[in-house]
Each structure stands twice: as structure tokens, then as C-alpha cells.
Amino acid sequence: MAPRERWPAVAAAPGMQLDGWTLLGECSFGPPGRTFHGREEGGREALIWFAEQAADEVFWQREWALRRSPVASLPLVLSPHRPRRHAFLLFEPPAPGMRSLDAWRTIRAPLDGPALLALLDQAIAAVRGLQRRGMQGLWLDPRCILVGDSGRLLLLPEYAAVLPGVPRQRLPPGAVPLAPEVRGARAVDGRADQFALAALVYWLLAGQWPEVAGPDGGKASRYVPLARFTLACRQAGTGPWRGPWRRSRRRASRRSRSSVRPCSSPCGTRRCRPVAVCAGSAGVWRCCAPCCCNWAWASGSACSATRPTRPRAARSRAQSPLTGST
């Protein structure tokens, strides 16, 4: 198989004409100096994304992954009518009014829960689509994530640690957020993208990145199962099991032994018996069980979708056709 032609990188500027396209103006999102609105000779318009360096196998694999990912929150790759001779990609233009996530957050802050969950669902769909094509360890740069007035999200990915058919890539040293294993030499899998998504949500809520997602954080970090983490916190006397939280839980356990069914809302409930967690009507994460330990991500109203189950004695009497009880 003949090697691919290495198209050169371009120092683009408004008004430049190349490969049948005219650069109309630089975009306010994406990497500075490399994203432009362009118009073809026939009148078709596109978002032109210039590569940082000459086109290589990484460039082609990234274009292939985007072409093969028909996800609404990923850009549609356009095919040029004339052969390209320079390293750039063509995308369908974003909808009018779309701006970068950092600019959108400045206008919309503080975010409510429904808006945050809607953005997160779209970002997860985009990341999963890229993972199915072999891209992992993504840099979710807020400048490369677009959001419209209607809440539609569009992810424009460029850097990834893992791409099919090429060696592992080194991301820019100052890239934030990144999972600790992406910066080091440890193996990278889907957990790195889950970490980046969680760090992005943290940034949207708190206005700053978690320390572990930065260049100097998380060098000694590692993933542990949640059950093992909570056990370690209890043994060390830290977390929500010390002080007033411990006393509150003891009082609650004496009042009620009933459990709570998981929430039926589509928010991805996680259950920690006897606590059910869901997105409340105030749009923030909290415990909403009647016998909870009063510890949650943030305060908010309880979810109305949780219902206490029947007491254990009543349940045992009702289930017994085999033993003869009624």
C-alpha cells in the first residue's frame, strides 16, 4: 500500500484562498488561528479546521473516526468537490448562535440541574461514538465544545491519546481536563474519558477544575471501586461517617429500617442502601431517602419518584403460596 501524501500545514488568515475555498473569517471557538468560516467556489459554506502540523496517519484516523460516528453531538464531515492539497478538515457549519462552552457558561451561570444533565447526556453520546471508533483519552477542551441557545451541544474533538493504527499520542502539557493516566505512561481505557466528563461537570458547577485533572495533580492517583473507597473512609474516620453525620445516621436507622426503591427518572440513579440518589426538582444531586445520612453532592429538594417499600413483616406474609400463608 502506497504511503499517504503528507499535506502541509497552513498559516491561515481571513481572505486566503486555497483548494477552492475562501476563508471568510476566524471563529471565536476552537484553537486560535486554526478554525475559520469558509465558502467554496460553488457557494457552499463550511467550518474549516486547519491541522496543527502536516497531515499524517493521526490526521487521517481522526477524520475517519469522525466520518464513521453518526452522532448528533459530533460534527458532520463534508467531502470537498476539489482534491485537497493542504492539511485541513471540512465540517458542516454550526447552527447560528452556537458559542464555545466557556462563553456559554459565562452567560448562563449558574446552571440548573436539567440544563446540566441535558449537556452531559449529549457529551456522553459524543464520547461513546468516538470510543466505538477507537478514540480514547480525549481532551474535552471547553473551547472545542459548542452550545447553542436551545441547549444543543456539539463536540469538536482534536486531541486523543489513543487512535486506531497509530502509536499512543502525547497531548499538550497544559491540557485540562485530563485523567492522570493520560499524562503519564499508564494504560488508557474508557475510564479516562469518564474522568474527563466528570471533571467537566465539576468545572461547570464550581467554575474551576478539580486539582487532580490539572497538570500537577493526580500523579499518584489510581482508580478504586466505590465500595473499597467508602470502606477505607470509614476505617480512617473521614467522609460522611464522622461527627454529626454518624449521629444523624444512627438516629435515622432507629426511626426506620425500610429501604428506598431506586428512582425511576432517567438521570442514572445510583443506590447505596438504604439511600437512593437522584436529580431532584431543584436540579442538584442529593440524598432523598427517609433514613439518609444527610450527605450529598449539594442541597436540593427530594425526588418524588422514590417510594418506601412495604415493611419486611408485611412483605413476608404476602409472598407465601408455597408455605400456605396468605
Side-chain angles (χ1 to χ4, degrees), residues 29-30 62 65-66 69 71-75 98 100-105 108-148 151-163 169 171-172 174-184 186-215 217-218 221-226 229 265-270 277-279 283-285 296-298:
F29 49 82
R62 173 171 165 256
L66 289 170
S69 301
V71 180
S73 48
L74 287 174
M98 297 195 80
S100 64
L101 183 60
D102 50 357
W104 183 85
R105 181 188 174 278
R108 290 289 303 268
L111 295 179
D112 56 6
L116 179 62
L117 290 175
L119 293 179
L120 181 60
D121 286 343
Q122 296 176 78
I124 290 174
V127 169
R128 285 178 174 173
L130 295 173
Q131 286 180 338
R132 285 192 290 268
R133 300 305 172 189
M135 289 185 67
Q136 293 182 335
L138 297 162
W139 177 21
L140 301 181
D141 184 4
R143 279 189 59 89
C144 298
I145 301 175
L146 307 185
V147 183
R152 185 200 170 191
L153 181 140
L154 187 66
L155 173 62
L156 304 173
E158 181 174 24
Y159 294 101
V162 178
L163 288 135
Q169 303 298 300
L171 274 64
V176 178
L178 285 182
E181 64 268 26
V182 177
R183 301 187 190 276
R186 287 180 284 173
V188 174
D189 54 26
R191 293 178 297 182
D193 297 316
Q194 296 175 14
F195 179 96
L197 287 168
L200 190 67
V201 172
Y202 185 101
W203 174 77
L204 286 170
L205 290 174
Q208 61 183 4
W209 296 107
E211 182 180 359
V212 70
S221 301
R222 58 190 177 89
Y223 295 106
V224 297
L226 182 60
F229 172 76
S265 63
C267 61
T269 300
R270 297 294 181 267
V277 182
C278 68
V284 288
W285 297 96
W297 292 102

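Owing to the predicted nature of the structure, the values given are computational and were not obtained by experimental measurement. Residue numbers start at 1 and run along the sequence shown.
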task: Would you check, one step at a time, whether the test side chain to side chain contact (heavy atoms under 4.5 Å, CB included) holds for Ile124 with Leu120?
output: CA-CA 6 Å; Ile124 290 174; Leu120 181 60; 3.8 Å; yes
- request: Please answer whether the main-chain N or O of Ala72 pairs with a side-chain N or O of Arg152 as donor and acceptor at a distance below 3.5 Å.
  value: yes
From Leu204 atom CG to Arg108 atom CZ, the distance as rounded to the nearest 0.5 Å: 11.5 Å
query: Residues in side chain to side chain contact (heavy atoms under 4.5 Å, CB included) with Asp193, at least two apart?
result: Val127, Gln131, Gln136, Leu138
- request: Would you check if the side chain of Glu181 reaches a backbone N or O of Ala187 as a donor-acceptor pair within less than 3.5 Å?
  value: no
Minimum heavy-atom distance Pro142-Leu200, with the two atoms named: CG-CD1, 4.4 Å
query: Looking only at atom types and distance, does a side-chain atom of Asp112 sit under 3.5 Å from a main-chain N or O of Ala115, one as donor and one as acceptor?
result: yes
task: Please identify each residue that fulfils side chain to side chain contact (heavy atoms under 4.5 Å, CB included) with Val176, with sequence neighbours left out.
output: Arg183, Trp209, Pro215
- request: Of all the heavy-atom pairs spanning Leu101 and Val147, show the shortest one and how long it is.
  value: CD1-CG2, 3.6 Å
Derivation and outcome, side chain to side chain contact (heavy atoms under 4.5 Å, CB included), residues Phe29 and Asp102: CA-CA 9 Å; Phe29 49 82; Asp102 50 357; over 6 Å; no
query: So, do Ser73 and Leu154 sit near enough that their side-chain heavy atoms are less than 4.5 Å apart?
result: no
query: Can you check whether Phe195 reaches Pro180 side chain to side chain, under 4.5 Å on heavy atoms?
result: yes
- request: State the CG-CG distance between Leu146 and Leu155, to the nearest 0.5 angstrom.
  value: 9.0 Å
Distance-minimising heavy-atom pair for Trp139 and Pro177: CD1-O, 3.9 Å
message: Check whether Gln122 reaches the backbone of Gly151 with its side chain - one donor and one acceptor, N or O, closer than 3.5 Å.
response: yes
task: Rounded to the nearest 0.5 Å, what's the gap from CD on Glu158 to CZ on Arg143? Could you check?
output: 11.5 Å
field: Derivation of the side chain to side chain contact (heavy atoms under 4.5 Å, CB included) call for Val162 and Gln169
entry: CA-CA 6 Å; Val162 178; Gln169 303 298 300; over 6 Å; no
message: Show the nearest heavy-atom pair for residues Ser69 and Leu74, with the distance to one decimal.
response: CB-CD1, 3.7 Å
message: Could you go through Leu171 and Leu178, starting from their C-alpha distance and side-chain angles, then the distance that decides it, and tell me whether this counts as side chain to side chain contact (heavy atoms under 4.5 Å, CB included)?
response: CA-CA 9 Å; Leu171 274 64; Leu178 285 182; 3.5 Å; yes
task: Rounded to the nearest 0.5 Å, what's the gap from CG on Leu156 to CG on Leu66? Could you check?
output: 9.0 Å
Exercise: identify the closest heavy-atom pair between Gly129 and Val71: CA-CG2, 4.1 Å
- prompt: Is a side-chain N or O of Arg62 found less than 3.5 angstrom from the main chain of Pro157, in a donor-acceptor match?
  reply: yes
- line: For Asp189, the salt bridge (Lys or Arg N to Asp or Glu O under 4.0 Å) test, sequence neighbours excluded, returns Arg191
For Pro210 against Tyr202, the heavy-atom pair lying closest together: CD-CD2, 3.4 Å
task: Measure the CD1-OG distance between Ile145 and Ser100 for me, rounded to the nearest 0.5 Å.
output: 9.5 Å
query: CG/Asp121 to CG/Leu153 distance, rounded to the nearest 0.5 angstrom?
result: 10.5 Å
